[in-house]
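Throughout, protein chains are lettered first and strands after them, A, B, ... in sequence-line order, and every chain is numbered starting at 1.
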Number of protein chains: 2
Amino acid sequence: MTNLEQYIQSYFDVQEEQLTSIASRFKYKEPAKNDFLLKQGRQCNQLSFIQKGLIRIYATVDDKEVTQWISTPGYFVTDLASFIFSTPARWNIQALTDCELYTIEKEDYNSLGNVVPEWHVLEKLFIAKCFIILEERVNSHLFMTAEERYNKLLQQQPDLFNQVPLQYLASMLGMTPETFSRLRKKQLK
Amino acid sequence: MTNLEQYIQSYFDVQEEQLTSIASRFKYKEPAKNDFLLKQGRQCNQLSFIQKGLIRIYATVDDKEVTQWISTPGYFVTDLASFIFSTPARWNIQALTDCELYTIEKEDYNSLGNVVPEWHVLEKLFIAKCFIILEERVNSHLFMTAEERYNKLLQQQPDLFNQVPLQYLASMLGMTPETFSRLRKKQLK
DNA sequence: TCGCAAAATTGATATATGTCAAGAATTTAT
DNA sequence: ATAAATTCTTGACATATATCAATTTTGCGA
């Protein structure tokens with residue numbers, strides 16, 4: 001089983017016979033560092049699995065730039081709202097490093113319903129998982145302080161802390177780089 | 001077209017012939033004020049449309065009680081994660097007033113795929129809409145201050161402000177009742 | 001390898017929001 | 001209608017986090 005097939009299986013829980021058929025619709029891509037996969041305002045027509053590299057999702061609104069998330073190998077990346085509803089993208093998606101991706105175009109993605117009988121069910125579950133991830137993030141703001149969010153991220157994704165500019169992590173946790181830096185200092189003691 | 005059918009249509013964008021069939025699986029209920037539709041830790045087996053009344057979704061974690069949302073007529077209410085994945089519910093769901101609901105049981109809901117051909121597609125879109133609502137809420141914490149969140153809610157749901165205890169609104173916006181009260185005072189000037 | 005640009009840190013200070021306690025207002029139950 | 005309970009408001013104060021500016025460190029391109 002290829003890496004891509006493993007990724008697909010872990011997300012979509014699809015039967016093995018159909019894996020090859022699904023995987024064949026993804027195309028290998030190697031965006032270079034700083035390349036944009038998507039720009040705010042455009043339409044998002046792709047869903048990508050990250051084999052290698054790091055990708056930042058961010059937006060600029062009223063001069064304020066906010067990093068929404070950093071995606072890492074083994075995960076997918078897209079602007080789900082734009083991808084599903086063909087609305088203008090809210091997010092920029094940019095490679096933080098040279099990357100290796102498997103990308104499916106929206107029209108191929110949408111044709112999967114004709115190929116894999118259970119596809120719409122799997123897709124539903126996939127989106128529901130995305131929902132749960134977001135619910136968790138809302139909760140982190142309702143239940144936790146900035147410091148607790150910092151500690152949680154440090155625990156869950158320690159590697160990120162020496163792979164990406166820390167200001168991006170600060171932003172996705174909803175705090176300034178200065179606050180992030182001070183929490184970091186506190187931790188190191 | 002009944003109220004219920006209108007609600008279903010607005011959420012699921014289903015064809016008119018199938019509306020009756022779907023609607024027939026919902027049962028009318030009248031929970032009284034303070035009745036629980038769901039308790040944290042249990043499994044959520046119901047999805048309800050609110051015809052009348054107000055419903056609070058909240059959770060208590062480590063002695064901290066957080067209101068996640070207040071649902072109003074014309075909207076549905078459930079613990080989506082628990083409903084879809086049969087996991088223990090994260091949330092309590094409680095009637096803030098006497099209510100009139102249309103409720104569908106999970107097994108009936110799951111059987112809709114056999115009744116309405118396009119059901120899984122509609123369901124996918126429904127969940128995707130829920131995703132977008134949550135994305136919007138995450139953004140409100142990343143881009144906005146407490147005061148901006150207050151003003152946004154006041155603008156979008158002014159009625160809530162004289163229908164439910166304000167401490168619940170404060171909580172769902174991620175602030176204390178005192179802060180909420182002071183922002184309120186500021187507004188009234 | 002050097003030099004520049006970006007990022008991170010640090011200190012001083014400002015501001016937003018939280019905490020605690022008391023009292024006023026409102027709602028609910030008897 | 002009254003009493004009790006809950007909710008809301010207010011003030012004083014504490015704390016977390018933001019802002020601004022200066023400096024150091026790091027990383028990158030020539």
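Atom CD of Q167(B) is separated from atom C1' of dT9(D) by 13 Å (rounded to the nearest Å). Regarding Q163(B), its CD atom lies at a distance of 17 Å from the P atom of dT26(C), rounded to whole Å. What separates CZ of F180(A) from C1' of dT10(C) is a distance of 16 Å, to the nearest Å. Whole-Å rounding puts the L173(B) CG to dG18(C) C1' distance at 16 Å. One can place CG of N162(B) at 13 Å from P of dT26(C), the figure rounded to the nearest angstrom. M175(A) places its CE atom 14 Å from the P atom of dT19(D), with the value rounded to the nearest Å. L183(B) has its CG atom 13 Å from the C1' atom of dG18(C), to the nearest Å. The distance between atom CG of L142(A) and atom C1' of dT17(C), rounded to the nearest whole Å, is 15 Å.
Using a 4.0 Å cut-off, no side-chain N or O of T179(A) falls inside it from OP1 or OP2 of dT17(D). Between K185(A) and dA8(C) there is no side-chain N or O to OP1 or OP2 distance below 4.0 Å. In terms of phosphate contacts, T176(A) brings no side-chain nitrogen or oxygen within less than 4.0 Å of OP1 or OP2 of dT17(D).
Nearest nucleotide to the side chain of K33(A), out of dT10(C), dT17(C), dC28(D): dC28(D). The side chain of R182(A) approaches dT19(D) more closely than any other nucleotide in the set dT19(D), dC8(D), dA7(C). Looking at the side chain of E147(A), the nearest of the listed nucleotides dT17(D), dA8(C), dT7(D) is dT17(D). Ranking dT17(C), dA7(C), dT9(D) by closeness to the R184(B) side chain, first place goes to dT9(D).
One finds no salt bridge joining K27(A) and E105(A) here, because no Lys/Arg side-chain nitrogen approaches an Asp/Glu carboxylate oxygen to under 4.0 Å.
Aromatic ring pairs are classed by plane angle as parallel below 30°, tilted from 30° to 60° and perpendicular above 60°; the pair F49(B) and Y7(B) is parallel.
Here the CD atom belonging to Q94(A) is positioned 10.0 Å from the SG atom belonging to C99(A), to the nearest 0.5 angstrom.
Backbone-only contact: P165(B) has heavy atoms under 4.0 Å from sugar-phosphate atoms and none from a base.
One donor-acceptor pair, N or O on each side, does fall under 3.5 Å between the base of dC20(C) and the side chain of E178(B).
Both cation-pi conditions hold for R56(B) and Y168(B): the charged atom is under 6.0 angstrom from the six-membered ring centre and inside a 45 degree cone around its axis.
A side-chain N or O of K106(A) and one of S86(A) form a donor-acceptor pair less than 3.5 Å apart.
A residue-by-residue look at G174(A) and Y168(B) shows that Y168(B) has its nearest nucleotide of DNA chain D further toward the 5' end.
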